[in-house]
Each structure stands twice: as structure tokens, then as C-alpha cells.
Amino acid sequence: MNILALIKQVPDTSISLKINAGGADIEYRDILWVINPYDEYAVEEALHIKERHGGSVTVVSMGPDRTADIIRSSLAMGADEGVHVKDAIFNGSDAYSTALILSKAAALLGFDIILCGKQAVDDGWGQVGPALAEILNIPSVSSILKLEISEDKKIAAATREVDEGLEMVEVSLPALFTVQQGINKPRYASLPGIMKAKKKEIRILDAGALGISPNEIGREASRVELRKLSYPPERKKGKILQGDSKTATGELVNLLRNEAKVI
Amino acid sequence: MSVWIIAEHKAGIITDGTLEAISAGRLISALTGGKLSAAILGNNLDALADMLSGTGINDIYLLDSPLLSQYTSDAYIAGIEPLIKLHKPFLILMPSTCLGRDLAPKLAARLKTAYLSDVNSIEMTGSEIFFSRPVYGSRLVSTLTCSGERPWIVTIRPRAFEKTEAAQKKAKTENQPVHISPSSLRTVIKGFEQTQKGAGLTEADIIISGGRGMKDAENFKMLGRLAKILGGVVGASGAAVDAGWMPHSAQVGQTGKVVSPKLYIACGISGAPQHLAGMSTSKCIVAINKDPDAPIFKIADYGIVGDLFEVVPMLIEQLKK
């Protein structure tokens, strides 16, 4: 089983963010970069499949130099190979072009299963996974909470989240799955794992290696343009309701009915 | 310059998310002067077409086939792609639900056109349409424009637009031929398990959420009682889910569900940024917490500083009056 886990580096979700002077991007100073939490579940699931069915796990990430950090931390978790998709001409690519670049990498590396997070917590776009499957012409299942591979390694049975519950589906491999929170609990890297990961060489794939033509990717080819970032409107100052529980809840019911008019 | 809606329906009813997407569509049609059309995919669609007919839509296209009775992206794309190529809408809207967020990016990739998810406001300046959507867990708002080949495909965030109002004019309904080869469907649906009744968290009008202060799983039953009286559903913070008190499907936050109900009551939730990211656009926020310095009070419209095990039962009593 050749398993690819696609990962993205994102700003830590617990820190505050500022808009930069240009007004269409965030201020990159002082940002703590982490692996997208959903992608971490994808790495764990890939390792889990390998442990049951054999094969190898390759983590693939596209991004600038700093992206190597999350590739290395995934290697420390137990991934076999790390691939860094990196080229200055990739900058400004939209989600479709990103999927196109990753499709070339996936084709080059070979795969039976591709796993990635259902979306990234930075832009929350949720396009790269499904678009990649479409470009590779393989089936994909979104937002999975469980994945089982048949003994002959030809069929995958997945449970996926839908709006009112869970849907059980089957697809033939190769296939792509986007992973939802709750599928597993990512392991911590072991000390030997960390030591081993430090020595591992990360393979770099650039536009030349992937055979990508510059007019398909980057800012010029982008179908969407980010024009402006802004802060959401501030909420108006609220009221703290005083008195004992009876008084306060009585006042709350009154306010909800007559002022906010929400019940 | 026509705008299309891909309608979503459940158990024979057009979903609220679809009615909200139609509102967004009517807004754009009014600005651009183009027609508004809707496509319904499924099996036995006449009643659904009637439901959509008086909602301000000009044309309804029905793609009726037993192969569309359950959603699979393969069947939906095979069904709708020829129709899109024939009519060339410039924009396709659908609700940002599990279905929409699976179908829309695949359809956009198939057509190699722009895709935007989770859009919650649309404006037009000159001839340009500006789409806004929350980013970085709702801590910032990004405003974008699309370009290139059409149709651009956009999913609309639940509850960002009001449901469409009834319109006088009835839509013209057309049955479309559907050519789907059963062998082209790569996903086989084996079963479905309903884990929640009716609308889920993202579509709920009222959400009662519990956090670390709930102390154990058993205490969430109390929130269930409050939710029942108010006609709401129960959610949870990441801390309560991590503790194993509530399932992941109930988690409100940056990882988890992003919700925007009419009323959000946070019980024993301190208000970590991760959680606020998932609920700060709620219309009215109530916080019940014993710590007066809890960050949740900074965004709450109404706060009660007190022991939730005393306050919540009292609130239930008051509401029964």
C-alpha cells in the first residue's frame, strides 16, 4: 500500500492575527506555524493503515521553506518519506492550481490511497482534496470518520459525516479521502522517531521535476483574487444580569423575549 | 448572465439552506439583471418543484432519475454537467453543507472554474461582484473577486442570508433528460445512520452549548431539557468533547462546527479563541459562567455570573412560566 498524506502548514489557531499594511494579507511576524489539525488526523490515519496492511506512508506538503518543519514532525510521527513541493513560481496559486501541482506530485510518487484534512483551518476553503481527486480521476470521499481497507487491498469502506448523520460508502482503490475530526487521536512523536526524522532527507519537487508549465499556476492563473482582509464587526457591549439566580434568569427571559426577541 | 441554484432537499422538503441561497441568488440577479434558475436533482421531483416555484426563480430544471435518489458526486456531476454547458450560467450557488462542500469543489475542478466556499455576504461595485467569507476561524473576513472561465461556483454559509420571500410569479418547470451510466458511479452507498433529528447544529435557530464547567456527560441532559423547551439543539466546546462528554459531531469551534444561530447559550464555557471562532457570529449570545473574567462575557449580549447548576434549572423554571 502506497499511502500519501497531504499536509498544510497554518498559523496556530490560538494566537491573534493582524492584517498587514497592504490590507490583503496577514502580518507574518510572530506567527507560530503548525500542521493543519485536520491534516494531522490524515497522517495518523495513514500510519494506522500502514500498521494494519503494510506499505509506506509519504507525507507531501506544498509551501515555502518553513513548511519543512511540519514534514519533519510527520516523519517523527512515523511517516517513511517526506516530500516538499516547492518553487517560487507556485506562489499565489489558487486552490485548483495547488491541486494541479499536487496531482503531478502524486502521479510521480504513485499511490493507492491519498489522505488529507477536510479543510485547512486558515482559509477554510476545502477545495484541494476534492479537486485533486477530480484531476487524478479517482473517487473521493469527504469528511470521513472511519476507514477500513479490505484484505485484498482493493476496496475501502468509509463512514463519512453528512448533515444529519453518518453515511457508509464503499469505493475501489485508488481513492482519496478527506478526514474529519474524531477519526483518530494523533500519536505523539517518540524520541527515537524525532532523532530518526532529523537525519532523514526531505525530497524536494519543483516545477521542473513535476513538469508544470508556469501559465497553469501562480497568481496569474488564479481564478480568485483576495482583494481585502478586514476585522469582523465588533459586538456591542453586553449586560451582566445582577441579583440571585431567580432574579437574573427572570430578567434574562424577559430580555430574550422582549429586547432581543429571539424566543 | 444567469444565476443558478443547485437545490438541496431532504425527506421531500427543500432545505432552509437552499432558500437562503435563493435569497443570495435573487440579490445578484437584481444587481446584474440576469435570470435566476434552479436545478433539482433526485427522484420523483414534482412536489419539490412546486415548493420552489413561488420563490422568485424563473426556470426550474428537473433532473429526475433513480440514479439520483441518493447523492453521489459522480451521479450529480454526470447529471448536471451537460446542462451547465448548454445554458452557461455565470454563477452557481448552493448551500455550504456537507453535500455542497463535496459537490461544489469537484464540479468547479471538472469545469476548471473559480470556487468559493462559505460565502456570507455579496456586494456589487461597478461591474464587479465582491464575495466575503470568514477566514482564520472567523477572526478575519476576506473579500474576493472571481475571474476567468465561468460558471463560478459558490457555496453560501448557512444562516448568512434570510430565507427567500415568496414571489408572485411561478417558475417555468422543465424536465431534463438524464444520461448517467450506472457503471460510472464509483461510490456505492451502503447505509445511513441518523445521529440527529431534523436540522443539525449548523442550521439550528437555538443552540445550548456546554463546556468544561459541565463537569460530566450526565449533566448535559440538563442542557437537553433547556434545549427542548426552547426548540434548540445541544452543542459543546472542544474541552467537553475532548473529555468524552459529547460526540465530535456536537463540537462548536474552529475545528468543529461553525454556527450562527439566533440564540446561543454558552454554559460553563470560558471562551477560548478556538470556541469563539465557531460561534461569535450568533445573533444573540448568552453566557452563564461562574468566573466573571471568562472571555466569553466579552462577546455575550447577556451574561449571568453564577453556578450553572443553579442558574440553568432556574432558567428552565422561568421559561416554563
Side-chain angles (χ1 to χ4, degrees), chain A residues 11 13-14 16-17 19 26 37-38 95-96 99 121-127 130-131 133-135 139 141-143 157 161-172 181-182 223-232 235 238-241 245-246 248-250 252-253 255-256 260 262-263, chain B residues 97-98 101-102 105-106 109-110 112-118 130 135-148 186-196 200 230 248-249 254-256 262-263 273-274 283-284 286 297 299-306 310-311 314-315 318-319:
Chain A
T13 57
S14 62
S16 69
L17 295 167
I19 299 167
I26 53 169
Y38 293 110
Y96 179 83
V121 297
D122 52 0
D123 60 31
W125 216 285
Q127 185 179 16
E134 188 58 42
I135 295 167
V141 184
S142 299
S143 225
E161 187 184 65
V162 291
D163 288 308
E164 291 181 327
L166 303 170
E167 187 178 77
M168 280 57 84
V169 303
E170 270 185 18
V171 289
S172 296
Q181 185 178 39
R223 293 151 192 83
V224 292
E225 189 186 351
L226 175 56
R227 302 287 286 265
K228 189 180 75 173
L229 275 182
S230 48
Y231 297 100
R235 297 188 71 94
K239 292 177 189 161
I240 298 291
L241 310 178
S245 297
K246 197 174 173 189
T249 53
L252 177 61
V253 171
L255 289 166
L256 291 177
V262 289
I263 59 169
Chain B
T97 53
C98 290
R101 298 208 54 165
D102 185 59
K106 289 181 190 171
R110 175 71 64 90
K112 299 189 174 68
T113 59
Y115 167 63
L116 295 175
S117 59
D118 246 359
F130 290 82
V135 287
Y136 299 104
S138 302
R139 263 169 283 172
L140 299 175
V141 177
S142 74
T143 302
L144 306 111
T145 50
C146 297
S147 59
R186 297 169 296 184
T187 311
V188 184
I189 297 174
K190 293 296 209 182
F192 171 72
E193 183 189 322
Q194 191 166 24
T195 54
Q196 58 199 15
L230 291 168
H248 280 281
S249 57
Q254 185 162 9
T255 51
K262 227 164 52 174
L263 174 61
Q274 222 278 357
K283 189 172 167 228
C284 178
V286 173
F297 287 117
I299 66 154
D301 298 278
Y302 307 120
I304 296 179
V305 180
E310 195 186 310
V311 174
M314 189 61 83
L315 180 58
Q318 299 275 10
L319 285 163

Original post:
What closest approach, in Å, do A:A260 and B:C284 show between heavy atoms, and which atom pair accounts for it?
Top reply: CB-SG, 4.0 Å
**OP:** Specify the closest pair of heavy atoms between A:Q181 and B:H248, including all atoms of both residues, with the distance to one decimal.
**Re:** CG-ND1, 3.6 Å
Subject >> Closest approach of A:Y231 to B:R139 (non-hydrogen atoms, all atoms of both residues) >> reply: CD2-O, 4.4 Å
Original post:
Which residue out of A:K228, A:E161, A:R235 racks up the most heavy-atom pairs below 4.5 Å with chain B?
Top reply: A:R235
**OP:** Calculate, to the nearest 0.5 Å, the distance between atoms CD and OG1 belonging to A:E225 and B:T145 respectively.
**Re:** 4.5 Å
Original post:
Minimum heavy-atom separation for A:Q127 to B:P105, with atom names?
Top reply: CG-CB, 3.8 Å
Original post:
Top residue by heavy-atom pair count (under 4.5 Å) with chain B, among A:K246, A:E167, A:R223?
Top reply: A:R223
Subject >> chain A contacts, top residue of B:T255, B:T113, B:D102 (heavy-atom pairs, under 4.5 Å) >> reply: B:T255
**OP:** Work out which heavy atom in A:V171 is nearest to a heavy atom in B:R186; give both atom names and the distance.
**Re:** CG1-O, 3.6 Å
Subject >> Contact winner vs chain B - A:S245, A:G124, A:G238, heavy-atom pairs under 4.5 Å >> reply: A:S245
Subject >> Residue A:S230 versus chain B: region with a heavy atom under 4.5 Å >> reply: both
**OP:** Check the pair A:L229, B:V135 against side-chain contact (heavy atoms from CB on, under 4.5 Å), reporting the backbone distance first and the verdict last.
**Re:** CA-CA 9 Å; A:L229 275 182; B:V135 287; 3.9 Å; yes
Original post:
Hey, what do you get for CG (B:L319) to CG (A:L256), rounding to the nearest 0.5 Å?
Top reply: 8.0 Å
Original post:
Using a cut-off of under 4.5 Å for heavy-atom pairs, which of B:S117, B:P273, B:G191 has the most such pairs with chain A?
Top reply: B:G191
Original post:
Got a salt bridge between B:K106 and A:E134, using NZ or NE/NH1/NH2 to carboxylate O under 4.0 Å?
Top reply: no
Original post:
Looking only at heavy atoms, what is the nearest atom pair of B:C146 and A:V224, with distance?
Top reply: SG-CG1, 4.1 Å
Original post:
Within the distance-only criterion (no hydrogens, no angle test), does the side chain of A:E170 pair as donor or acceptor with the backbone N or O of B:K190 below 3.5 angstrom?
Top reply: no
**OP:** Would you sort out whether A:L252 and B:V311 count as a side-chain contact (heavy atoms from CB on, under 4.5 Å), showing the intermediate values?
**Re:** CA-CA 11 Å; A:L252 177 61; B:V311 174; over 6 Å; no
Subject >> Under 4.5 Å from a heavy atom of chain B, the part of A:P37 involved >> reply: side chain
Original post:
Where on B:Y136 is there a heavy atom nearer than 4.5 Å to chain A: the side chain, the backbone, both, or neither?
Top reply: both
**OP:** Begin with the C-alpha distance, continue with both residues' side-chain angles, and end with the deciding distance and a verdict on side-chain contact (heavy atoms from CB on, under 4.5 Å) for B:Y302 and A:I240.
**Re:** CA-CA 6 Å; B:Y302 307 120; A:I240 298 291; over 6 Å; no
Original post:
Picking from A:V141, A:I19, A:V169, A:L17, which has the most non-hydrogen pairs under 4.5 angstrom with chain B?
Top reply: A:V169
Original post:
Between B:L315 and chain A, which part of the residue has a heavy atom less than 4.5 Å away: side chain, backbone, both or neither?
Top reply: both
Original post:
Once you round to the nearest 0.5 Å, how far does CD of B:Q318 lie from OG1 of A:T249?
Top reply: 4.0 Å
Original post:
Would you say B:R110's side chain and A:I135's backbone share a donor-acceptor pair under 3.5 angstrom?
Top reply: no
Original post:
Checking A:L166 against chain B: side chain, backbone, both or neither under 4.5 Å from a heavy atom?
Top reply: both
